Structures are given as C-alpha cells and as structure tokens.
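Notes for the one structure printed next.
Nothing here was measured: the structure is a model prediction, and the numbers come from that model. The chains referred to below are lettered A, B, ... by the order of the sequence lines, with proteins before strands, and numbering in each begins at 1.
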Protein chains: 2
Amino acid sequence: MIGRTRDPNKAEVGDVRATNLAVVLRCVREQGPCSRADIAAATGLNKTTVSSLVSELLRRRLLRETGTTENRVGRPAIMLALDGASSAAIGIEVNADYLTAVAVDLAGRPVLSWRRAFPGNTVSPARTVTAVTALIRRVVTRIEHDGRQVLGLGVALPGLVDPDGRARLVPSLNWRNVDFAAELVDALRGPGFPVEIGNDANYAVLAEHRFGEHAGTRDLVYLTGGTSLGAGLLVDGSLRRGHSGYSGEAGHIPVPAPGGTAPLETVASITAIARRVLPDDTRDDEHLSLAEIELRIDEIVARARAGDPTTLTRLHDAAKDLATGIFTLVSVLDPARVILGGYYAELAPWLLPVVNDLLDTRGIPADEPIAVASTLSLDAPALGAAARVLDAVEQGRLPDNTTPARALAAAARAPR
Amino acid sequence: MIGRTRDPNKAEVGDVRATNLAVVLRCVREQGPCSRADIAAATGLNKTTVSSLVSELLRRRLLRETGTTENRVGRPAIMLALDGASSAAIGIEVNADYLTAVAVDLAGRPVLSWRRAFPGNTVSPARTVTAVTALIRRVVTRIEHDGRQVLGLGVALPGLVDPDGRARLVPSLNWRNVDFAAELVDALRGPGFPVEIGNDANYAVLAEHRFGEHAGTRDLVYLTGGTSLGAGLLVDGSLRRGHSGYSGEAGHIPVPAPGGTAPLETVASITAIARRVLPDDTRDDEHLSLAEIELRIDEIVARARAGDPTTLTRLHDAAKDLATGIFTLVSVLDPARVILGGYYAELAPWLLPVVNDLLDTRGIPADEPIAVASTLSLDAPALGAAARVLDAVEQGRLPDNTTPARALAAAARAPR
DNA sequence: TTTGTTTGTCTAAAACCCGAACTAATTCTA
DNA sequence: TAGAATTAGTTCGGGTTTTAGACAAACAAA
C-alpha cells in the first residue's frame, strides 16, 4: 500500500520508500527482535534495501540495535528492536466523570497512565478544552523531559465525531457541533504533532486490535456504552465509520420487547441492565454518572457472585436480549470476535455463556466462542487513541525527525 | 495505493508505475475524454510522466486517441478515451433456472448479453461445470473474433463462496463444498485470463457501484434473494465479505413476529412476501423456481397497480417488516444508500415509501431517501462479475499484453 | 589453521518520476 | 498578414529507489 500523497492516489517514487520503511517497522514489531537478514527473508525485500531502510530507521531513532547473536554458525547477527525510549504516542479520553491520559512507546509499552476527576457533563466545551489542553501540556512536558518525541495525539469522545474532528453530538457532555479538534490545536498553539479526535468505541476497537487478547484480528466488533450502546467496527483491519460517521449504532437495533419492539439499548445497555437487575433502585437512570454506574455494576456482580437467584434470572434475561442484538451484528458483519468492552466486561461471566449459546444455537459457525470479554481496562478508548497514532506510523507516516518540535509549532500556526 | 506484490505489502519501484497507470485509466473514465494536460492537472502527475504513462496505455490498447480539440487558444489537445474495442470483461451468473453471460468493454459499455435456460437445481455440479464451460467458450470465441482481448472472467453463484473460489454452500443448486473455480479453470484448460467466483449479491453491489444510478457511492448495501435474503456490502468502496465470508446475511436478522421473533427472510424475503400477499396460493413456496417467483411478482404488481386494497394492505405490512430489517442494517453500517435489487426492484414502488418513512421517523439523517430501487435488470450479478474484472484493471492489474492469450494458456497449466 | 556459513555492505545498473527547457500548433491582435 | 500569446506535448538531465552480484566480516566446526 502506498497512497501517502494527497492527490487522487498518485504514487511517487518516494512513496515506495515510505511504504517499505513501514513494512520494516511492522516486521520488527511482529517478529520481535530480528536481524536485517531476518527482515529481508520475511519481507522479500533485498538485503541491500533492508540495510538502507534500517539505517534510516536507526537514524530516526525508531529502531535500535540490541546486541548480537552468539553461539551460531556464521557471522553473528545484529539484532534490531523497536526503539521504545525515543518517542511516545498520547491518548486522551474525555467523558462525563473524568479525563484519562495514557502514553505508550513505539512498541506499545505503557509510558504513563493518568486519570483525574473532571465533570465533563456540567462544564462548558470551552472549559473542557482548557482542562484537556492543560492535561496534554503536562503529558507532553513529561514525555519530552524523558527525551521522547511525541508521535501524535488522539482524543476519544463518547459521541459522534466528524472525520475532520468536529464533535457533532456528544450527549453525555451536552455537546453539539463543537469544533473540538480546531479549538484544541488552537489552544495548544501549534502542537507540532498530529492531533485527531474520535469516537470512544472506535478507538477502543483499535486498542483491542493492537493490545487486546485477540490482537491482530482483522474483523472485530467492540461493544460499549452506558445509557447508550455503541459498537466500534473493525472490518478488514480498518476502522469503518460509515457514510456519515454513524456506523455502529448497535443500540438502535430493534429487538423484540413486551408489546412489540424496542431499541436494543433500552433493554440491554449497561443502565438498562442495571435497571432490570436492580429494579428496587429508583434513582433516575437517564443521567447516571459513571461513578453511579460503577456502583450498580459492583452491586450486580456481588449479588451474582453470591448466587442470588433473582439477580441471576434477571441477568440471564438481559443477556438474551443482548445476545439477540449481537446475533444481528454477527449476521450482518461476520466478525471474528465480538468483544464485550466497557462495563460489559465486568458482567461478561454471566453474559457470555448466554450470548455464545444463542450464536451457536442459531448456527453461526465458530471453532471458538465468538463473543469474548475485553481484557483491557476502562482505559481502552485512550489506549486506542494512542494505538491510532502508532497505526499511522506503521502505515508510513513517520514522524518528522528533521526539525525540532518547537520549530514545527510556528510553521503549523501560519497556515491556520 | 500500491500493494501489487504478494509479499507482506512490500513495494517495488515498478509498483509506482502500475499505480499511476491505473490512476490515469480511472481519470480518463471519470473525466470522460480528456487530454494529457487535463490528466496532469487532475492527478497532480507531471506532464512528462503522464505522456509516458499514456503512451504505454496506448501501446497496450487500453486508451485510444479520439482526435483533437478545435476553436481554442493554443495548441490543440489530443483527446484520449478508453479503448472500447480492444478488450472485454466477462460476467457469468449461474442460478437454479438459467445461465446468464454478459460482456462489457473497458468503458463498461455492453458487448453482449446472453441468457439460456439451465436447470441448475436438478443437475450435478459436474454437468453445470460442463455447461458453464461451453458457454464461456462461446463467449470467448465471440469476443476474440471481434478482435478483443479477454480481460478476465467472474462467475456469480447464489451462495457462499470462499475467497479461493470454492462454493461452500449453494442451497438453490444443492451444492456443498464444490471447488468450482478449480474445476472451471481445469475444464477451460488454462484460460489465459483471471477467473474468479463470487457471491451474487456481492457482485450485484459492485454492479451498482459501477453501473447503477448511484455509481461511485462508496458505501452501499444491496438486497436481493428469493427464498433467502442476502445483502452485498460495499464499505469504503470495497466489498466486505467478513471473517468467514458470511457477511451480509440480512435474512437472519431477527425481527418481531407474532409470538416473538423471526428471521427477516421468513417474513420479508421475496417468497415470504409472495406468500403473505397471495395467501390463497397454496403451492409449496420452499422450492419455487425463479419462473414461478416471477409469475407471482407479476401477479402482485398487477393487483397493486389495480389498487386492490387487500394486496396493498398486505404489501404494506410486509414492507414494514422489511423496513425494520433495513433500519437495522442502516444503524449498523450507515451506508449512503440501500438498494432494493433482484425481484425487490419490481415491488419497489410499494416498498420504498414505507421503508424510507420508517428510516425518517426513526431519525436517520438523510438529505435524500436512503432506500432506492435498483435500475439494473436481473443481469446485475453477471454485470457485477464483469465490473469486478474492470475494477481489477483499474487497480493496476493490467492485462498481460505482451504474450498472446493462447501462449499464456500453456504457461498457466504448468504450475497447476 | 582451514573451511564453511551467515551477515551485512559496496557497486553498478535499471526503473521511475520530476522540473526545466524546448518544440509545436493554434488563436489573438494590431 | 506577421508577430505575440497561449496551450500541448516531448526531450533531456537529475534525483530517488530497488535490485543482483560481488565482497568483506565474523564466527563455528573440522
């Protein structure tokens, strides 16, 4: 794949270089530490070419030499690994209760993971921009203090985001048409690295694709949500946002309900499940904070673990509705796995058997269960935002290593 | 995009050429007849490069010069167009009642369109291979007699097809695990052009993407079927088959039904609609031939046109169920259009208003109606199979023009 | 110590794209 | 009607990239 130039997909000779640099990077990540000769064998690239590519990646500090093999016939090989000390990708998540910031190195290893309370739902977008900007600055300072270059930044929002970074609709933050990307870049005064805004479920599925138990699987559906229920869709290895960015609205899938049909999220979203399993709880569940959701999940888990029959029956009923929705998703998309993420993961022990049973009963062929629980924590969206940055690098958009980040900042401001 | 080499996506210098040849081809198709200078302006390629690319495409007889512009300031431009006389792509459809063969030239213009009765459902796979082979031979002979090179061949089957061309399950032909591609290539004794087998709904959506009223739309869902109900999914401009090739099983979507839930195809497939609208008809509808389906469709259309209230009410009820299924598809995939194809197209005048109404009521944002009727005839699958061949050419897999097709045949047999 | 094996680099060649200069063919203008 | 202006397309030299083959380096085994 090339396609780095903006024009209608024309290719230049330089694109070959970018593509092959990315091929080498991916090869080193997938195969672990390996020699130039290994890379040549694995990729089909000529030894000479690999040497040239590797020396450029060494110069750019994306690879490093880790020593030589010993006790082998022939000349010892110089082993290469991703340089985990020279750079970092940043992922941020904004939601109704808190801000999360994570950073990972080029190999995906965690560099930092912060969380602070922030009432995103009771604060204006402008103040949120200020808070997020301050957080980003602290993260960047920390990262650069460690001698790392910032590869890029992704920000996850729990709502609808345009490809150009406008937040079209974020119910839990009471946002509508907030040009978050532009305001953020403005507030950062030319960050000097790429900034992207995205949907939390979409980023989460990218996190699963890179860090999850089924990393590398090219067809995934990731379910998450609180009052709503959204899906991140990974098809053929890429995120699919749909024609208008509305794809994955799994919560709107009609499922049978007493007296006809109801949107899936009214019977099987996290808050809906909580309402069904804990009906004695009379608090208004339309505007539950995440903290309140967590309390309820904990209570459900406690009761279920204790074997409370009412809880188990009600959970089973809710699971059957969720299973119907998942069966629909599988019928349409045929993913390799459907991942129960977010708060669903904590309920997975009681949900998964029902879901996989229904999929099996209805004849979905599978060697192993299709529905699985996410093993990533609630950091998944932020992790995914960072993963997106790493994906970009591994697609050939290498960081600009020639100019210091600060000089770039000025240049970035001019065209705006 | 490059990615022509088999290895893990490595790029060679030659890939740039293939990519840019394809860019020029697409440019000429999309812009209509245009000059080298126009191409350079539209693609961002250098004038020199365009000249070089065009001269190669002229030599390969994929482009031709159509004359010069006049009455313009400056040197007249030599206009270029796709050479519609030098080659053709073949599409075949096999189903329970008949074989269809179409051929189109490089510009997509029809070259031939044949249909012959063939009882695919009562005949062994081996005899079907023989019949299809004979049909292909006649088509190839005719095309080569016209001095055209065969660019490739696609065969549409109404069932599940592996990426490597094995027919896993084709209910209406009583096929299970038939290695159709291999047998066909064998019977053709090295065709000398690429052969691909695919699913009819998948090919049909490709036909819509190239020839349909909304050609060029990159996110489409195409609905078709008889007793079953399948969808072809075009996402981000490419066909999506899912992890195991089972994607688009829209007929399995659970929808509310009296006494719970039912698979969509039991209430809104073509035969289900016929059964609901013409309940006095007592013939077994499980194994309806296409001819019988057509008879029933005609009768429904006649009654509806006459304004028969019972027919209209029943059609409306069926349309509501179909609409529920389509709403689900739209919620999950967010396509630009959902196309009612196959026999649905004939019922579209009564189905579409109900469907679009429901989408609108449930808040799917759309400037224009999302659900539309296919304007392609029942040839869509065969046309799409041919379109697939043209797509491949426009992706840079240009036909091998150096060796005559007959010589290639021998070479192709050797590795097998 | 010699031989064989494996690794990595050097060199020359081929393919490709690009910018600048140049030729070509027409309309415009005085 | 002759020259200027304009647009189209080609020629030429230069730069980038990959590649095959030769070669040097470094080790184990004999």
Side-chain angles (χ1 to χ4, degrees), chain A residues 2-24 28 33-59 63 65-80 396 398, chain B residues 2-24 28 33-59 63 65-80 396 398:
Chain A
I2 272 196
R4 298 200 343 102
T5 35
R6 300 287 162 274
D7 308 274
N9 300 337
K10 79 161 186 179
E12 306 167 8
V13 179
D15 292 335
V16 176
R17 186 72 171 182
T19 303
N20 287 337
L21 286 169
V23 166
V24 171
V28 173
C34 53
S35 68
R36 292 166 174 77
D38 294 335
I39 296 172
T43 62
L45 287 162
N46 190 282
K47 279 193 307 176
T48 316
T49 310
V50 172
S51 265
S52 163
L53 293 165
V54 164
S55 70
E56 177 169 352
L57 292 171
L58 289 171
R59 187 175 53 72
L63 291 183
E65 298 181 335
T66 64
T68 58
T69 55
E70 287 175 25
N71 296 326
R72 261 189 3 187
V73 179
R75 173 175 166 178
I78 307 167
M79 300 309 274
L80 300 162
L398 303 193
Chain B
I2 272 197
R4 297 203 339 106
T5 35
R6 301 285 163 277
D7 307 271
N9 301 337
K10 81 160 186 183
E12 308 168 7
V13 179
D15 291 337
V16 175
R17 186 70 171 182
T19 303
N20 287 336
L21 286 169
V23 165
V24 171
V28 173
C34 53
S35 68
R36 291 166 174 78
D38 295 335
I39 297 171
T43 62
L45 288 162
N46 189 282
K47 279 195 305 176
T48 316
T49 310
V50 171
S51 267
S52 162
L53 293 165
V54 164
S55 69
E56 177 168 352
L57 292 170
L58 288 171
R59 187 174 53 71
L63 291 183
E65 298 181 334
T66 64
T68 58
T69 55
E70 288 175 22
N71 299 325
R72 264 189 4 188
V73 179
R75 172 175 167 177
I78 306 166
M79 301 308 276
L80 300 161
L398 303 193

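- Of the candidates B:Val28, B:Leu80, B:Leu398, B:Leu57 forms a side-chain contact (heavy atoms from CB on, under 4.5 Å) with just one, namely B:Leu398.
- Taking atom CD of B:Glu65 as the reference point, atom P of D:dA8 lies 15 Å away to the nearest angstrom.
- Here the range on DNA chain C touched by chain B, meaning any atom under 4.0 Å from one of its heavy atoms, is C:dA15 to C:dC28.
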Once each nucleotide of nucleotides 21-30 of chain D is scored for protein heavy atoms under 4.0 Å, what B/S/- sequence comes out, 5' to 3'?
B--BBBBS--
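- No side-chain heavy atom of A:Asn9 sits under 4.5 Å from any side-chain heavy atom of B:Thr19.
- Here B:Arg72 pairs with B:Thr69, B:Ala77 under the side chain to side chain contact (heavy atoms under 4.5 Å, CB included) rule; sequence neighbours left out.
- Checked against side-chain hydrogen bond (donor to acceptor under 3.5 Å, both in side chains), B:Ser52 has the following partners two or more places apart in sequence or in another chain: B:Arg17.
- Under the side-chain hydrogen bond (donor to acceptor under 3.5 Å, both in side chains) criterion, A:Thr48 pairs with A:Asn46, sequence neighbours left out.
- B:Leu21 places none of its side-chain heavy atoms less than 4.5 Å from the side chain of B:Val24.
- Residue A:Ser35 is classed as a sugar-phosphate contact, given heavy-atom separations below 4.0 Å to backbone atoms only.
- In this view, A:Ile78 and A:Arg36, A:Glu65, A:Thr68 satisfy the side chain to side chain contact (heavy atoms under 4.5 Å, CB included) rule, not counting sequence neighbours.
- Nucleotide D:dT10 holds its C1' atom 14 Å from the CG atom of B:Leu53, rounded to whole Å.
- Remark: A:Thr66 engages A:Arg64, A:Met79, A:Ala81 in a side chain to side chain contact (heavy atoms under 4.5 Å, CB included) (not counting sequence neighbours).
- Listed pair A:Asn20 / D:dT18 meets the phosphate criterion, a side-chain N or O lying under 4.0 Å from OP1 or OP2.
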